[in-house]
Number of protein chains: 2
Amino acid sequence: MTEKKQRGRAAPDSKTPAVTEKIAETASADDAASNPALKALAERLPLWRRPGYLVRRLHQIHYAIFFEECDGFGITPVQYGLLTILSTNPDADQVTLANALGIDRTNVADVLVRLEQRGLIARMRSQNDRRMVLARLTSVGEDLVERMHPAMAKAQDRLLEALGSEERDQFLATLMRLLEANNKYGRATLGASKMDHT
Amino acid sequence: MTEKKQRGRAAPDSKTPAVTEKIAETASADDAASNPALKALAERLPLWRRPGYLVRRLHQIHYAIFFEECDGFGITPVQYGLLTILSTNPDADQVTLANALGIDRTNVADVLVRLEQRGLIARMRSQNDRRMVLARLTSVGEDLVERMHPAMAKAQDRLLEALGSEERDQFLATLMRLLEANNKYGRATLGASKMDHT
DNA sequence: GCTTAATCATCAGTGTACCGCCTTTTATCG
DNA sequence: CGATAAAAGGCGGTACACTGATGATTAAGC
């Protein structure tokens with residue numbers, strides 16, 4: 001029955017099993033509530049033991065902390081990441097930026113539009129290769145990157161402040177190891193190592 | 001022109017410097033490219049050393065792996081998380097679900113609508129408290145939770161398969177520690193511990 | 001009982017993130 | 001040189017994630 005993809009990922013024709021009949025509020029409803037097989041499954045691998053779930057939660061917490069520290073700048077973590085890359089790699093095209101940031105190229109375009117509207121970056125077609133649109137910081141953008149850096153750094157610190165320095169280092173090392181081992185997923189393959197981040 | 005909020009989030013009045021003037025494509029552009037102060041900042045705390053950035057990347061990788069393993073089911077990680085909670089807590093209202101999942105209540109409503117359209121859950125107003133909308137799995141939903149569980153579990157394993165068992169345990173322990181220490185962010189305060197997840 | 005406050009759901013709006021398809025431009029091959 | 005392939009950007013669509021505001025219902029205080 002295929003059930004197709006979800007989440008914009010493909011799914012040009014998500015018809016799904018075509019079941020829309022409401023449950024009868026009667027009969028089997030109660031069995032449903034206490035299905036022992038399901039309970040056993042959920043207990044064997046509960047939410048809070050699924051690494052993917054934990055990582056998603058931590059990601060959201062970082063967002064919250066970031067906004068707490070960086071309120072007033074009106075910049076999101078992704079936007080600041082993009083600005084950071086532009087600060088060391090001016091005149092980068094969107095594919096390069098996507099690889100460096102590890103996000104999708106269409107998403108990079110979206111973010112760039114917002115940053116351009118705010119006057120933080122400027123975009124123009126490359127003269128060498130007229131397919132490419134190059135982006136660079138404006139002086140306003142440079143200024144903002146600099147002024148906002150302490151707040152951003154504070155947010156990074158706060159995310160891990162519950163850990164001892166040893167555990168923190170270990171955690172970061174493991175994170176980097178995982179990223180390196182899985183650096184093949186998504187439309188953007190994370191080519192950060194190709195840039196001068198050394 | 002105020003530049004409004006970002007990302008819907010707070011910032012009740014983040015007016016930011018209110019700059020929208022485009023750069024003149026002339027003059028100071030080249031200085032921008034090689035601003036030494038910015039380069040120093042970026043080198044002091046590059047992207048790949050920012051825990052928030054690393055966590056975001058890992059989160060995305062989990063998504064990619066999840067879809068690889070669970071393709072054909074058309075279920076996202078969040079959707080499966082919600083179904084998992086419903087499998088042990090039938091007839092939960094949306095606020096309870098939001099707290100258990102650690103996501104926003106409006107988001108829970110969105111996800112529930114999609115799951116209902118696919119016939120995996122049923123929703124109805126509570127008779128005791130007519131403000132609440134209760135959700136429960138349909139038999140189709142129960143079936144899917146069960147059939148999909150191995151693929152989901154495989155995705156969880158694959159995320160950490162690059163680690164040795166000791167490092168994996170350490171990583172999970174640290175993740176849980178961080179979540180516990182930061183269990184106060186976001187509109188959902190993560191009341192998972194209040195539910196029967198033990 | 002009536003006013004007020006709290007709670008739950010929903011709507012509108014913004015931002016991130018991804019996919020598939022299409023057009024333009026460049027590179028490549030015969 | 002002309003056809004074809006490859007690369008870059010853009011568009012439309014879907015799913016998450018959260019804020020703020022509004023309306024309905026319940027609970028609390030008088």
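Only a predicted model underlies this, so the values are computations on that prediction, with no experimental measurement involved. So that the names make sense, note that chain A is the first sequence line, chain B the second, and so on, each numbered from 1.
- Listed here is the closest heavy atom pair of B/I65 and B/L159: CD1-CA, 4.0 Å.
- Between the CG atom of A/D104 and the C1' atom of D/dC11 there is a distance of 13 Å, rounded to whole Å.
- Mapping A/R125 and B/D93 onto DNA chain C by nearest heavy atom places B/D93 at the nucleotide closer to the 5' end.
- Between B/V111 and B/Q127, the residue whose closest nucleotide on DNA chain D is further toward the 5' end is B/V111.
- Side-chain proximity of A/T76 to the nucleotides C/dT16, C/dA17, D/dA15 is greatest for C/dT16.
- Listed pair A/R114 / C/dT16 meets the phosphate criterion, a side-chain N or O lying under 4.0 Å from OP1 or OP2.
- Taking atom CD of residue A/Q94 and atom C1' of nucleotide D/dG10, one finds them 9 Å apart after rounding to whole Å.
- In this structure, A/N128 atom CG and C/dT26 atom C1' are separated by 12 Å, rounded to whole Å.
- Other members of the hydrophobic cluster containing B/L134, listed by chain and number, are B/M132; membership follows side-chain contacts under 4.5 Å among ILVMFWY residues, whether direct or relayed.
- For C/dC11, its base never sits under 3.5 Å from the side chain of B/T106 at any donor and acceptor pair.
- Within 4.0 Å (heavy atoms only), B/D129 reaches sugar-phosphate atoms of the nucleic acid but no base atom.
- Between the CD atom of B/Q79 and the P atom of D/dT14 there is a distance of 14 Å, rounded to whole Å.
- You'll find the side chain of A/L58 stays beyond 4.5 Å of the side chain of A/H62, heavy atoms only.
- In terms of position along DNA chain C, the nucleotide closest to A/H59 lies nearer the 5' end than the nucleotide closest to the other residue of the pair A/H59 and A/S126.
- If you measure from atom CZ of A/F67 to atom P of D/dA17, you get 14 Å, rounded to the nearest angstrom.
- If you measure from atom CZ of A/R105 to atom P of D/dC11, you get 13 Å, rounded to the nearest angstrom.
- Rounded to an integer number of Å, the gap from CG of B/D110 to P of C/dA9 is 13 Å.
- Between the side chain of A/R125 and the backbone N or O of A/R130, at least one donor-acceptor pair lies under 3.5 Å.
- In the set D/dA27, C/dA17, C/dT16, D/dA27 carries the atom at the smallest distance from any side-chain atom of B/R131.
- Whole-Å rounding puts the B/R123 CZ to C/dT10 C1' distance at 10 Å.
- Among residue pairs with one or both ends in residues 174-183 of chain B, those qualifying as salt bridge (Lys or Arg N to Asp or Glu O under 4.0 Å) are A/E167-B/R177; sequence neighbours excluded.
- In this structure, A/V133 and B/P77 both approach DNA chain D, and ranking their closest nucleotides by distance from the 5' end singles out A/V133.
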